[in-house]
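Working notes, beginning with the structure itself.
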Amino acid sequence: MTLTLGMITLDTTDPSPLAAWWSAQTGATVEAENDGWFVVLQLPGGPRLGFQKVDDPTPGKNRMHLDLGAASGDLDAEVERLVDAGATLVAERSMGDFRWVTLADPDGNQFCVAEH
């Protein structure tokens, strides 16, 4: 028996605007809104993202995060676009010739972007 990935869910105090931000950044479509308490996005060709309303999200660095690829192949341009859209630059990183950037979404959830 094996598991399959159903959805990646982020806790937030305000699911609708955070889901809208992620939808705009990834081209995802809104699959369900559930009166704003649990918003589900379908990523193009990928898993679903869920945004769940909670009174008090877990503080500190998230233990799990999204690793995303810059579809354009231009990491710097993609990072600039995300920052202009409201993301916060956390750190630029590299290992050998592999480079990635850690950002935070408007709710402070960290994610990484690398060249695709």
Side-chain angles (χ1 to χ4, degrees):
M1 181 154 271
T2 62
L3 297 172
T4 59
L5 179 62
M7 183 175 347
I8 300 164
T9 303
L10 291 87
D11 291 345
T12 177
T13 58
D14 200 1
S16 293
L18 189 59
W21 189 86
W22 276 103
S23 175
Q25 305 321 308
T26 62
T29 56
V30 176
E31 190 174 275
E33 295 193 54
N34 301 300
D35 296 323
W37 65 269
F38 195 94
V39 180
V40 179
L41 300 181
Q42 177 63 56
L43 293 170
R48 295 181 300 161
L49 292 179
F51 300 86
Q52 176 175 279
K53 184 173 181 134
V54 297
D55 292 331
D56 189 21
T58 305
K61 184 180 182 310
N62 42 318
R63 293 179 61 167
M64 199 164 25
H65 64 269
L66 300 175
D67 284 330
L68 306 170
S72 68
D74 186 342
L75 178 58
D76 296 324
E78 190 64 19
V79 168
E80 183 177 341
R81 183 187 74 76
L82 289 162
V83 169
D84 288 347
T88 303
L89 178 65
V90 175
E92 296 185 34
R93 305 168 195 267
S94 64
M95 182 177 287
D97 63 351
F98 181 70
R99 204 167 62 93
W100 73 98
V101 177
T102 303
L103 300 148
D105 71 14
D107 245 21
N109 301 299
Q110 291 188 15
F111 61 99
C112 294
V113 180
E115 292 174 337
H116 207 9

>> Looking at every heavy atom in both Ser23 and Ala28, which two are closest together, and how far apart are they?
In response: OG-O, 2.7 Å
>> Check whether Trp21 reaches the backbone of Ala85 with its side chain - one donor and one acceptor, N or O, closer than 3.5 Å.
In response: yes
>> Can you confirm whether Asp74 sits close enough to Asp76 that some side-chain heavy atom of one is under 4.5 Å from a side-chain heavy atom of the other?
In response: yes
> Are any non-hydrogen side-chain atoms of Ile8 and Arg48 less than 4.5 angstrom apart?
Replying inline: no
>> Would you say that Phe38 contacts Glu33 through its side chain, given a criterion of any heavy-atom pair below 4.5 Å between the two side chains?
In response: no
> In the single-linkage hydrophobic clustering (I, L, V, M, F, W, Y; side-chain heavy atoms under 4.5 Å), do Leu43 and Leu66 co-cluster?
Replying inline: yes
> Are any of the side-chain heavy atoms of Leu75 and Val113 separated by less than 4.5 Å?
Replying inline: yes
> Given the rule in the side chain to side chain contact (heavy atoms under 4.5 Å, CB included) test, do Met7 and Val40 qualify, once you have shown the distances and angles that lead to the verdict?
Replying inline: CA-CA 9 Å; Met7 183 175 347; Val40 179; 4.2 Å; yes
> Do Phe111 and Asn109 touch side chain to side chain, with heavy atoms closer than 4.5 Å?
Replying inline: no
> Any side-chain heavy-atom pair from Pro106 and Leu18 closer than 4.5 angstrom?
Replying inline: yes
>> Please check this pair: side chain of Arg99 against backbone of Glu92, looking for a donor-acceptor N/O pair closer than 3.5 Å.
In response: no
> Which atoms form the tightest heavy-atom contact between Gln52 and Asp11, and what is the distance?
Replying inline: NE2-OD1, 3.2 Å
> Do you know which two heavy atoms are closest between Cys112 and Thr102, and how far apart they sit?
Replying inline: SG-OG1, 3.4 Å
> How far apart are the closest heavy atoms of Pro44 and Gly27, and which atoms are they?
Replying inline: CG-O, 3.6 Å
>> Please check this pair: side chain of Asp35 against backbone of Trp37, looking for a donor-acceptor N/O pair closer than 3.5 Å.
In response: no
> Side chains of Leu41 and Trp22: closer than 4.5 Å at any heavy-atom pair?
Replying inline: yes
>> Asp55 vs Thr13, test: side chain to side chain contact (heavy atoms under 4.5 Å, CB included). Steps then yes/no.
In response: CA-CA 6 Å; Asp55 292 331; Thr13 58; over 6 Å; no
>> Any non-hydrogen side-chain atom of Val83 less than 4.5 Å from a side-chain atom of Thr88?
In response: no
> What's the verdict on side chain to side chain contact (heavy atoms under 4.5 Å, CB included) for Trp100 and Glu115, showing C-alpha distance, side-chain angles and the deciding distance?
Replying inline: CA-CA 7 Å; Trp100 73 98; Glu115 292 174 337; over 6 Å; no
>> Give me the atom names and distance for the closest heavy-atom approach of Ala19 to Phe51.
In response: CB-CD1, 3.5 Å
>> Assess the residue pair Leu10 and Asp107 against the criterion (side chain to side chain contact (heavy atoms under 4.5 Å, CB included)); give the C-alpha distance rounded to whole Å, side-chain angles, the decisive distance to 0.1 Å, and a yes or no.
In response: CA-CA 10 Å; Leu10 291 87; Asp107 245 21; over 6 Å; no
> Does CD belonging to Glu31 count more than 12 external heavy atoms closer than 6.0 Å?
Replying inline: yes
> Do you know which two heavy atoms are closest between His65 and Gln110, and how far apart they sit?
Replying inline: CB-O, 3.3 Å
> Going hydrophobic residue to hydrophobic residue with side-chain gaps under 4.5 angstrom, can you get from Val101 over to Phe98?
Replying inline: no
